[in-house]
Protein chains: 2
Amino acid sequence: MSNVKSSRQTRILAELVNTPSLRVAELAQQLDVSTETIRRDLDALTELGLLNRTYGGAIRRLSSEPPVHERHNLFIAERGRIAAAVLPLITSAKVLIIGSGATTVHVAQRIAAQMQDVTVIAHSFGVAQALAVNRTIKILMLPGSYNADEDTMLGAHTVAFLNNLYADTAILGASGLGNDGPSDALLETGAVYTAMVARAARTLVVADHSKFSLVFPARYAAWRQINHLVTDEPPEGALLKALQENHVAIEPVST
Amino acid sequence: MSNVKSSRQTRILAELVNTPSLRVAELAQQLDVSTETIRRDLDALTELGLLNRTYGGAIRRLSSEPPVHERHNLFIAERGRIAAAVLPLITSAKVLIIGSGATTVHVAQRIAAQMQDVTVIAHSFGVAQALAVNRTIKILMLPGSYNADEDTMLGAHTVAFLNNLYADTAILGASGLGNDGPSDALLETGAVYTAMVARAARTLVVADHSKFSLVFPARYAAWRQINHLVTDEPPEGALLKALQENHVAIEPVST
DNA sequence: ATACAAATGTTGTATTTACAACATTTGTGA
DNA sequence: TCACAAATGTTGTAAATACAACATTTGTAT
């Protein structure tokens with residue numbers, strides 16, 4: 001790469017520190033090059049994850065975005081798709097229970113972006129914070145022992161408190177999807193999930209395909225108690241058979 | 001402003017949390033309104049400083065932070081001294097209740113660093129995270145409506161749950177220290193504090209001198225119910241008189 | 001100096017957005 | 001119900017951008 005090229009790109013990045021957004025024409029004039037050159041620079045810098053492209057210009061890379069090396073992490077995109085697929089299933093819900101885990105946080109972000117005036121019962125701070133951006137959503141946090149690793153409330157208090165509540169739909173994650181039901185790695189989490197399933201009229205399990213046929217210590221429900229499995233790839237073999245026998249709807253139906 | 005208008009603008013802001021930049025046409029299609037409406041929404045939100053406009057769309061506001069973080073930057077040294085002064089008062093405590101606010105987070109950090117095997121009842125995520133670094137501390141989070149501004153659990157659930165608990169000592173912050181007692185800016189916070197005072201054998205109030213003689217809507221306790229005031233400068237005048245008459249010990253006694 | 005590749009510029013066209021003016025719909029209070 | 005204002009939609013035009021194809025300049029190795 002030529003020296004002049006890289007120094008120009010450095011200047012573009014430096015400009016972005018001051019100004020939130022820049023326009024192609026603006027940069028072209030300021031750096032005395034053609035708009036096409038700027039466009040190529042911006043595309044190159046976008047490829048490197050150093051900035052974000054907009055129509056007509058670029059903006060500084062935002063801190064909350066995943067780091068560059070994580071951009072190729074397949075499961076982030078999968079979770080986003082799973083989250084998007086959940087929304088149509090809960091349009092009429094008024095009271096939701098949302099469990100913990102990476103996928104449920106994605107679902108919470110999606111809910112915050114697209115739903116209004118719902119009440120969400122949660123035991124994960126990540127979920128609560130994702131929902132909090134939408135002020136029309138009422139968030140009821142469950143009590144419990146705070147687990148810093150999982151960022152959740154767990155234990156007897158959590159379960160006991162849940163038993164006085166009732167919700168339309170529970171949306172739960174899972175560490176593994178075995179033939180006899182979804183399971184979690186942590187016994188305490190499993191106990192809370194079991195209570196959540198019991199207190200909701202309907203239960204959705206969200207999990208990407210990497211969880212297929214894995215078994216963890218805490219099986220928190222039998223498949224017959226689960227109404228929907230929202231995932232990114234169609235399950236096969238014994239797992240598919242178990243889901244079908246227990247009338248678990250698989251979403252999305254086709255890839 | 002119409003209801004549909006504000007909820008649409010809320011959705012725009014929420015969507016912006018997930019995606020760094022959005023385009024007018026994209027939003028118009030997604031929200032099923034014309035591009036002109038979106039344009040007007042974006043201009044209005046820009047006017048309020050809630051987002052940044054770009055050519056063709058908008059991006060999340062970049063520069064500013066929630067007001068909660070601002071408070072953390074004021075009187076940091078004072079709060080550190082106050083937190084250090086709290087520790088000698090609670091060496092024998094086994095079960096603590098800790099309220100919310102910037103000063104109590106400092107106290108929590110101090111406790112995490114110097115104490116072992118205590119149980120802490122909390123309604124603030126910040127306090128929980130500060131304590132979580134010490135694995136010997138058991139953290140019981142209270143339930144409640146999650147308030148994103150204060151990062152706390154509030155409301156009837158919180159109070160009701162507290163009424164089944166008991167603690168050696170409560171450590172509470174305050175927005176103001178009036179002549180008839182400590183008060184908070186938020187009514188809901190005050191209600192929770194009142195319950196905390198009632199459920200603890202002893203109550204400490206922690207507040208820096210900027211709170212002296214300020215009065216806020218929710219007086220959550222009378223001075224006679226408070227055992228210690230831990231602050232960084234000796235109070236004077238009417239406040240000092242009120243504290244002495246109600247036998248509130250002032251810590252540290254000297255600067 | 002020559003040849004080749006990289007970088008940049010130029011041109012033309014299709015898309016997209018911005019903006020203003022005006023029409024229509026919706027909401028609200030008398 | 002009527003009247004009025006707010007909110008939203010529609011239309012036409014100007015301006016800006018995106019994109020592709022090709023031309024030109026610059027850099028570099030032999």
Side-chain angles (χ1 to χ4, degrees), chain A residues 1-62 65 68 71 91-92 112-117 133-137, chain B residues 1-62:
Chain A
M1 177 161 55
S2 79
N3 188 17
V4 49
K5 180 176 172 183
S6 72
S7 79
R8 187 183 56 243
Q9 296 190 347
T10 302
R11 277 196 61 184
I12 292 175
L13 291 174
E15 282 297 328
L16 278 172
V17 176
N18 306 327
T19 320
S21 67
L22 291 174
R23 295 182 46 176
V24 171
E26 202 178 331
L27 282 167
Q29 187 177 1
Q30 201 165 338
L31 302 179
D32 197 35
V33 291
S34 75
T35 58
E36 286 309 303
T37 300
I38 295 297
R39 219 183 296 282
R40 287 163 187 148
D41 284 341
L42 295 184
D43 289 342
L45 292 170
T46 301
E47 193 67 28
L48 296 172
L50 298 174
L51 51 74
N52 283 96
R53 197 68 206 285
T54 68
Y55 187 87
I59 57 172
R60 180 191 332 159
R61 209 182 144 279
L62 301 172
E65 291 173 62
V68 181
R71 281 197 314 156
T91 48
S92 60
Q114 304 198 328
M115 295 183 77
Q116 282 97 39
D117 300 310
V133 302
N134 184 332
R135 293 307 172 96
T136 74
I137 296 179
Chain B
M1 177 161 53
S2 78
N3 186 20
V4 47
K5 181 177 173 184
S6 71
S7 80
R8 186 183 57 242
Q9 296 190 348
T10 299
R11 280 194 59 182
I12 292 174
L13 289 174
E15 198 68 47
L16 228 34
V17 175
N18 302 329
T19 319
S21 66
L22 291 173
R23 290 174 58 167
V24 172
E26 203 178 328
L27 282 167
Q29 186 178 1
Q30 200 166 340
L31 302 180
D32 198 35
V33 292
S34 74
T35 58
E36 288 308 304
T37 299
I38 295 296
R39 220 181 296 283
R40 287 162 187 146
D41 284 340
L42 296 184
D43 289 342
L45 292 170
T46 302
E47 193 69 25
L48 297 173
L50 297 174
L51 51 74
N52 282 89
R53 196 68 208 285
T54 67
Y55 187 87
I59 58 174
R60 184 187 334 163
R61 188 184 52 165
L62 299 167

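To find a chain, count down the sequence lines: A is the first, B the second, and so on, and within it residues start at 1. Small disclaimer: the values here were computed from a predicted structure and weren't measured.
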Would one find a side-chain N or O of B:R40 under 4.0 angstrom from OP1 or OP2 of D:dA6? no

Measure the distance from CZ on A:R53 to C1' on D:dT17 and round it to the nearest whole Å. 9 Å

side-chain contact (heavy atoms from CB on, under 4.5 Å) partners for A:Q30, two or more places apart: A:E15

Least distance between heavy atoms, B:R60 atom then B:N52 atom: O-OD1, 3.8 Å

Can you tell me how far P of D:dA7 sits from CZ of B:R8, to the nearest Å? 10 Å

Please list, in numerical order, the residues of residues 22-33 of chain A that have a heavy atom closer than 4.0 Å to any atom of DNA chain D. A:R23, A:V24, A:A25

Rounded to whole angstroms, how far apart are CG on B:D41 and P on D:dA6? 16 Å

Checking all strands, does B:T37 fall into the base, sugar-phosphate, or nothing category for heavy-atom contacts under 4.0 angstrom? sugar-phosphate

Rounded to the nearest 0.5 Å, how far does CG of B:D41 lie from CD of B:E36? 11.0 Å

Where is the tightest heavy-atom contact between B:L51 and B:I59, given as atom of each residue plus distance? CB-O, 3.5 Å

Roughly, in whole Å, what's the span from CG in A:D43 to P in C:dT8? 13 Å

Set of residues satisfying side-chain hydrogen bond (donor to acceptor under 3.5 Å, both in side chains) with respect to A:T35, sequence neighbours excluded: none

Validation row: A:Q116, B:T10 side chains within 4.5 angstrom (heavy atoms): no

Please determine, for the side chain of A:S34, which listed nucleotide (C:dC19, D:dA15, C:dG9) has the closest atom? C:dG9

Please enumerate all protein N or O atoms sitting under 3.5 Å from an N or O of nucleotides 24-26 of chain D, with distances to 0.1 Å.
none

Sorted by chain and residue number, the salt bridge (Lys or Arg N to Asp or Glu O under 4.0 Å) partners of A:R135 (sequence neighbours excluded) come out as B:D149

More 5' along DNA chain D: B:E36 or B:Y55, using each one's nearest nucleotide? B:E36

Residues two or more places apart in sequence or in another chain: which of them pass side-chain contact (heavy atoms from CB on, under 4.5 Å) with B:R53? B:V24, B:R39, B:L42, B:D43, B:T46

Give me the atom names and distance for the closest heavy-atom approach of A:L31 to A:I38. CD1-CD1, 4.0 Å

